[in-house]
Amino acid sequence: MNPATQKKALITGITGQDGSYLAEYLLGLGYEVHGLVRRVALEQPAHRLSRLRGIRNQIQIHAASLESYASIFHVLSKHQFDECYHLAAQSFVGESFIDGFSTMTANISGTHYVLAALRELQPSAKFYFAGSSEMFGNVRETPQRESTPFHPRSPYGISKVAGFHLTTNYREAYGMFCASGILFNHESPRRGFEFVTRKITEGVARIKAGMAKELKLGNLDAKRDWGHARDYVRAMHLILQQPSSDDYVVATGEAHSVREFCQLAFAEAGLDYRDWVKADPTFYRPAEVDLLLGDASKARSVLGWRPTTDFQSLVKEMVHSDLELIGSEGSKRESVTA
Ligand code: NAP
Ligand code: F7E
């Protein structure tokens, strides 16, 4: 790759699910990829950088935190970027009810710090903000599209609405290329264990291996529009390749309940979820988002983006990955051939 034409990207939150897929995708396109990570990640690389295992030697990482403007400013003062994907956030909705203050600080001030440092040091860099369907919350219309009013139902959702408006404001006030993706739920074998899909697929694998006797879950009737993270990072990149900055809903256009996810995931391992899943009020949220379903027509027509992994394939991939991880793939084959 010619260094004069090679594009440089900065990914905040590179250690997360999306950050790791995006880094791989951009490397594949020939980008020089840099990531911001918390200092603690550098001190515990085996655990904290595990999603980056396959590409660790191809990326450059820098210590910085969303709590510190100075740390972000420092990195941006040393390296010039063409594109900045701001993915770092406290991303777990449940946790945001427990500690709304740190969610707000990291997600709102963190976004503001990145935008302000970019404006100061490299205003021509293109900025991507990781918006969320949680901004729609108590939905005003179904499906949700770019024009649907926001009604967030959690500190997390509120923090993302604020980040979205900050991003728009930097676009309008300073003429910077600042775009938001309004991404609906996207999952993968790299999903954090606290999110319901991974909790279910890991639970299936543990039950199959005889390591657990039940799986405790909250609201089984909530419906989400679940896609694959690998597809969604392609959309992030496309959003920054447009001639001008804009906002896009990214979704599959299909909603399924947590119950349906359980049904499929347990069946994939030859089990009936009704024998294993137990309701536990601990996992209910003080305010729930009952249904999210996205209309990604704009992303389809303007970006040419389409998801490639359907719901069934997503569940299957996640279950098999966890069965393998827990080491019970062999016993599944035995029960199938018996
Ligand atoms: P994730 O796996 O939870 O990753 C979050 C990333 O943010 C991690 O790299 C984490 O670093 C970093 N981070 C958290 N707090 C930080 C702090 N104080 N300073 C520096 N870094 C910090 O999330 P994801 O699923 O990849 O999602 C990526 C982004 O998209 C997030 O902004 C999320 O809110 C948003 N989003 C996600 C979805 C979805 O369905 N996945 C949908 C819509 C929007 P550590 O590894 O050090 O914790
Ligand atoms: O919950 C219900 C729960 O935690 C999904 C984040 O990536 O997507 C994600 O947020 C649904 C909710 O994801 C359990 O009540 C039932 O209705 O997997 P989740 P989320 O809250 O949708 C959005 C788009 C983001 O932006 C976020 O960053 O599942 N549910 N029982 C449960 N959820 C969990 N976590 N655990 C349960 O036991």
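Everything numeric in this text was worked out from a predicted model, so none of it was measured. Each ligand, and each atom within it, is numbered from 1 in the order the structure gives.
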Between the candidates [options], which shows the shortest non-hydrogen contact distance to [atom]?
atom: atom 26 (O) of ligand 1; options: D18, T105, T12; value: D18
atom: atom 34 (O) of ligand 1; options: Y156, F195, F184; value: Y156
atom: atom 4 (O) of ligand 1; options: A229, A89, G16; value: G16
atom: atom 41 (N) of ligand 1; options: R191, E187, K160; value: R191
atom: atom 15 (N) of ligand 1; options: E194, E67, R38; value: R38
atom: atom 25 (C) of ligand 2; options: F195, F136, F92, Y156; value: Y156

Would a distance-only check, ignoring hydrogens and angles, find a side-chain to backbone donor-acceptor pair under 3.5 Å from [X] to [Y]?
X: Q90; Y: F92; value: yes
X: D231; Y: T309; value: yes
X: K126; Y: S245; value: no
X: K199; Y: K216; value: yes
X: S20; Y: Q17; value: yes

Shortest non-hydrogen contact from [X] toward [Y]:
X: I200; Y: C262; answer: CD1-SG, 3.6 Å
X: T15; Y: R51; answer: O-NH1, 3.1 Å
X: V75; Y: A63; answer: CG2-O, 4.0 Å
X: V33; Y: L26; answer: CG2-CB, 3.8 Å
X: G13; Y: A88; answer: N-CB, 3.5 Å
X: L121; Y: Q80; answer: O-NE2, 4.1 Å

From NE2 (H151) to CD1 (I158), nearest 0.5 Å: 9.0 Å

Does the residue [X] have a heavy-atom contact with ligand 2, meaning some pair of atoms that are separated by less than 4.0 Å?
X: Y284; answer: no
X: Q90; answer: no
X: G94; answer: no

Nearest non-hydrogen protein atom, [atom]:
atom: atom 27 (C) of ligand 2; answer: S91 O, 3.3 Å
atom: atom 42 (C) of ligand 1; answer: H186 CE1, 3.3 Å
atom: atom 18 (O) of ligand 2; answer: V196 N, 2.8 Å
atom: atom 3 (O) of ligand 1; answer: S91 OG, 2.7 Å
atom: atom 31 (C) of ligand 1; answer: L87 O, 3.0 Å
atom: atom 21 (O) of ligand 2; answer: R285 NH1, 2.6 Å
atom: atom 9 (O) of ligand 1; answer: T15 OG1, 2.6 Å
atom: atom 10 (O) of ligand 2; answer: V93 CG2, 3.6 Å
atom: atom 31 (N) of ligand 2; answer: G218 N, 2.8 Å
atom: atom 12 (C) of ligand 2; answer: R224 NH2, 3.4 Å

Which of the numbered atoms in ligand 2 are below 4.0 angstrom from a heavy atom of [X]?
X: E288; result: 3 (C), 12 (C), 15 (O), 17 (O)
X: K199; result: 37 (C), 38 (O)
X: S133; result: 24 (C)
X: A222; result: 17 (O)
X: S132; result: 23 (C), 24 (C), 25 (C), 26 (O)

N/O donor to acceptor pairs below 3.5 angstrom from side-chain atoms of residues 131-144, sequence neighbours left out:
{"from": "S132", "atom 1": "OG", "to": "E134", "atom 2": "N", "distance (Å)": "2.9"}
{"from": "E141", "atom 1": "OE1", "to": "R145", "atom 2": "NH1", "distance (Å)": "3.3"}
{"from": "E141", "atom 1": "OE2", "to": "T148", "atom 2": "OG1", "distance (Å)": "2.6"}
{"from": "T142", "atom 1": "OG1", "to": "Q144", "atom 2": "NE2", "distance (Å)": "3.4"}
{"from": "Q144", "atom 1": "OE1", "to": "L293", "atom 2": "N", "distance (Å)": "2.8"}
{"from": "Q144", "atom 1": "NE2", "to": "E141", "atom 2": "O", "distance (Å)": "2.9"}

Does ligand 1 come near enough to G13 that some N or O of the ligand is less than 3.5 Å from an N or O of the residue? yes

So, regarding Q17 and ligand 1 (criterion: nitrogen or oxygen to nitrogen or oxygen, under 3.5 Å), is there a contact or not? yes

Tell me whether L238 is reachable from L29 by hopping between hydrophobic residues (I, L, V, M, F, W, Y) whose side-chain heavy atoms are closer than 4.5 Å. yes

Contact partition for L217 relative to ligand 2, non-hydrogen atoms under 4.0 Å: both

Using heavy atoms and a threshold below 4.0 Å, how should the contact between R191 and ligand 2 be classified: side chain, backbone, both, or neither? side chain

Could you list which atoms of ligand 1 come closer than 4.0 Å to a heavy atom of [X]?
X: A130; answer: 29 (C), 30 (O), 32 (O), 35 (C)
X: S132; answer: 43 (C), 44 (C)
X: N185; answer: 40 (O)

Does K7 qualify as a cation-pi partner of Y31, given the criterion of NZ or CZ under 6.0 Å from the six-membered ring centre and within 45 degrees of its axis? no

Could you tell me whether some N/O pair between [X] and ligand 2 is separated by less than 3.5 angstrom?
X: N185; result: yes
X: T197; result: no
X: E194; result: yes

Checking E254, E288, E187, E260 against R224 for salt bridge (charged side-chain N to carboxylate O under 4.0 Å, His left out), the one that qualifies is E288

Would you check whether H86 reaches within less than 4.0 Å of ligand 1, judged by its heavy atoms? no

Could a heavy atom of G131 be found less than 4.0 Å from some atom of ligand 1? yes

From the list Y25, W305, Y128, W226, ring pair (Phe, Tyr, Trp, His ring centres under 6.0 Å) with Y232 holds only for W305

